[in-house]
2 protein chains.
Amino acid sequence: MYSTDFTKRLLTYRLSLTHLKKVGLNDVYSHLLAGETSHSASLIRKDLSRLQVKGKRRGGYDIDTILQAINAYFGNKERDRIILAGMGNIGKAIIQNKDFEKHNIQIIASFDLNPAIQRKKFSIPVFPMEKCREIVVNYKIDVAILAVPAFSAQSVCDQLIQCGIRGILNFAPVNLKVPDNVYVSNVRLVDELQQVIYHTKQKRKHGEYS
Amino acid sequence: MYSTDFTKRLLTYRLSLTHLKKVGLNDVYSHLLAGETSHSASLIRKDLSRLQVKGKRRGGYDIDTILQAINAYFGNKERDRIILAGMGNIGKAIIQNKDFEKHNIQIIASFDLNPAIQRKKFSIPVFPMEKCREIVVNYKIDVAILAVPAFSAQSVCDQLIQCGIRGILNFAPVNLKVPDNVYVSNVRLVDELQQVIYHTKQKRKHGEYS
DNA sequence: TCGAATTTGTTCAATTGATCACAATAATTA
DNA sequence: TAATTATTGTGATCAATTGAACAAATTCGA
Ligand SMILES: NC(=O)c1ccc[n+]([C@@H]2O[C@H](COP(=O)([O-])OP(=O)(O)OC[C@H]3O[C@@H](n4cnc5c(N)ncnc54)[C@H](O)[C@@H]3O)[C@@H](O)[C@H]2O)c1
Ligand SMILES: NC(=O)c1ccc[n+]([C@@H]2O[C@H](COP(=O)([O-])OP(=O)(O)OC[C@H]3O[C@@H](n4cnc5c(N)ncnc54)[C@H](O)[C@@H]3O)[C@@H](O)[C@H]2O)c1
């Protein structure tokens, strides 16, 4: 199996390629994509080779072919349905964003312990956690977004796994403990920002100027 | 200089250590921290060694000492002040979150082109972009969060850099073009989720069960 | 049609990063 | 006190990833 870095790069390529396509291009050279994505041209060629995308020597790669290969890699034939736990600020921001739909990801339901939130009208239904198993089983859901406060994150995580969830995108600043057969990815916004601050200071220090 | 992976691991350690401390521990063994963070014990020891944190042989490491070293590494003496561009769903979620303050990061102002939003009352002032240079210069701001729609991301990014910003945490699904002396980190929520979905399917396939 | 220019595809080398393994050392127990 | 156990700290090894380089192929122009 390929590294997670490879997978991540593919999504970066996709982003640039859809943009280039919108701008009117049909073909792309590895070094052009390199400029867009800040990955080296030879790494890009190697990645495309792993994806079994063939370019034309001296002609570059066909953008649509790459995009199809990337989407195929992620199995984007069927629509992926997921759920959301925690309908707070982050949860609401996410369900209002159209990008998930655009990439065939559908958030079909959310869960929140706050009855006031349950009563509100959103684009998707809000249930109490007790309803979770029913939804997960009936709709064969594998993946959940976890956007509850830190102090309840582990407990809600446990419940999700209990209900059958096998993949979690976690926003809470907590290192979740999960069994081996569950995949967790953490979005640590505070950490990300702190890293930006740190690296920005470093750049200043080491005097990189354009 | 150290890799960004090293920097990222430090923040993971910090998360677990603050948790362990809250639970009542004062000391920690490398393999205990390994269990919390899913990094190997030997890697953790090497990281701590690089941080010049000394443990006691057979006695483990003092948690406070590690935490101080990590905070020192990130220069957490002074409070870091940053700005926010785009007061939409993500922007609002971020300014309402207390975690940034807790880590000495202060978002002092935000910018949005929507006059209706500018008139609303938030915990921080909302200015039109024209005010940006003044704020950035007067308060010596280096870092910005970019949370505007994709189609205006590059343009707002350019303006920020024009005003003197040197580090950007970008939420828009765009590969920003910036000069060499600017550091950019991207939060790609759709990509993150797609990766979770992908890796969850893979785990299913390769039959990992706990 | 031939040659020059350009870009892919892949091999190879080098670097980086992580793990292994163990000596050094400290604590514990008998 | 001596033996034993547990843990750090680090040098050596191993693996993975990246970048460089170049042959093969294709296009373009003369
Ligand atoms: N908002 C941000 O910008 C931001 C930044 C970094 C991290 N985070 C983290 O993301 C998570 C969500 O953030 P937020 O701003 O949306 O928080 P929030 O407080 O706005 O929303 C949390 C929601 O979870 C619900 N909830 C609480 N306990 C629950 C439980 N046991 N079961 C089901 N639902 C429960 C609450 O009712 C609330 O609606 C938090 O852990 C936060 O630390 C948020
Ligand atoms: N909401 C999510 O969950 C989510 C998920 C993935 C990615 N994103 C991305 O994050 C970014 C922000 O998302 P959001 O949901 O907050 O969007 P949003 O539409 O709610 O907010 C965008 C804000 O930016 C302001 N804005 C637009 N153009 C501007 C300009 N030129 N200068 C200054 N301000 C401007 C708008 O007035 C608005 O207030 C978008 O690029 C979006 O694609 C969001």
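Below, read A as the first sequence line, B as the second, and so on, with proteins coming before strands; counting in each chain starts at 1. Treat the numbers as computed from the prediction; the structure is a model and nothing was measured.
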Query - Salt-bridge present (A:D64, A:K21; N to O < 4.0 Å) - result: yes
Report task. Could you tell me whether A:K98 and A:E101 make a salt bridge, using a distance below 4.0 angstrom between a side-chain N and a carboxylate O? Result -> no
Query raised in the report: Where along residues 19-39 of chain A does a heavy atom come under 4.0 Å from DNA chain C, residue by residue in number order?
Result: A:Y29, A:S30, A:H31
Requested in this report: Scan residues 53-70 of chain B against DNA chain C and write down, sorted by residue number, each residue with any heavy atom closer than 4.0 Å; if none is found, say none.
Outcome: B:R57, B:R58
Holding to ring-ring contact (aromatic ring centres under 6.0 Å, His included), I want the full list of residues that pass it with [X], two or more places apart in sequence or in another chain.
X      : result
A:H31  : A:Y29
A:F100 : none
B:Y61  : none
A:F122 : none

Report summary line: For A:S49, the side-chain hydrogen bond (donor to acceptor under 3.5 Å, both in side chains) test, sequence neighbours excluded, returns none
Query raised in the report: Could you give the CG-to-P distance, from A:L43 to C:dT16, as a whole number of Å?
Result: 16 Å
Query raised in the report: When the distance from CD1 of A:I44 to C1' of C:dT8 is rounded to whole Å, what number comes out?
Result: 13 Å
Query raised in the report: Can you tell me if A:S152 uses its side chain to pair, donor with acceptor, with the backbone of A:S155 under 3.5 Å?
Result: no
Query raised in the report: Quick one: is B:S40 getting a side-chain N or O under 4.0 Å of the C:dT19 phosphate, OP1 or OP2?
Result: yes
Report summary line: With sequence neighbours left out, the residues meeting side chain to side chain contact (heavy atoms under 4.5 Å, CB included) with A:T65 are A:V53, A:D62
**Report entry** Listed partners of A:N89 passing side chain to side chain contact (heavy atoms under 4.5 Å, CB included), at least two apart
**Finding:** B:A93, B:Q96
Query raised in the report: Distance only, no hydrogens: is a donor on one side chain within 3.5 Å (strictly under) of an acceptor on the other, for A:D158 and A:Q154?
Result: yes
Report task. Classify the side-chain pair B:N175/A:S16 by whether it contains a donor and acceptor separated by less than 3.5 Å. Result -> yes
Query raised in the report: On DNA chain D, which is the earliest and which the latest nucleotide, 5' to 3', with an atom closer than 4.0 Å to a heavy atom of chain B?
Result: D:dT5 to D:dA12
What are the atom names and distances for every N/O pair under 3.5 Å that joins the protein to nucleotides 11-13 of chain C?
{"unit_1": "C:dT11", "atom_1": "O4", "unit_2": "A:K46", "atom_2": "NZ", "d": "3.4"}

Report task. For A:R9, answer base if it contacts any base atom (sugar-phosphate contacts may also be present), sugar-phosphate if it contacts only those atoms, and nothing otherwise; contact means non-hydrogen atoms under 4.0 Å. Result -> sugar-phosphate
Report task. Scan for salt bridge (Lys or Arg N to Asp or Glu O under 4.0 Å) pairs involving residues 80-92 of chain A, sequence neighbours excluded, and state none if there are none. Result -> A:D80-B:K201
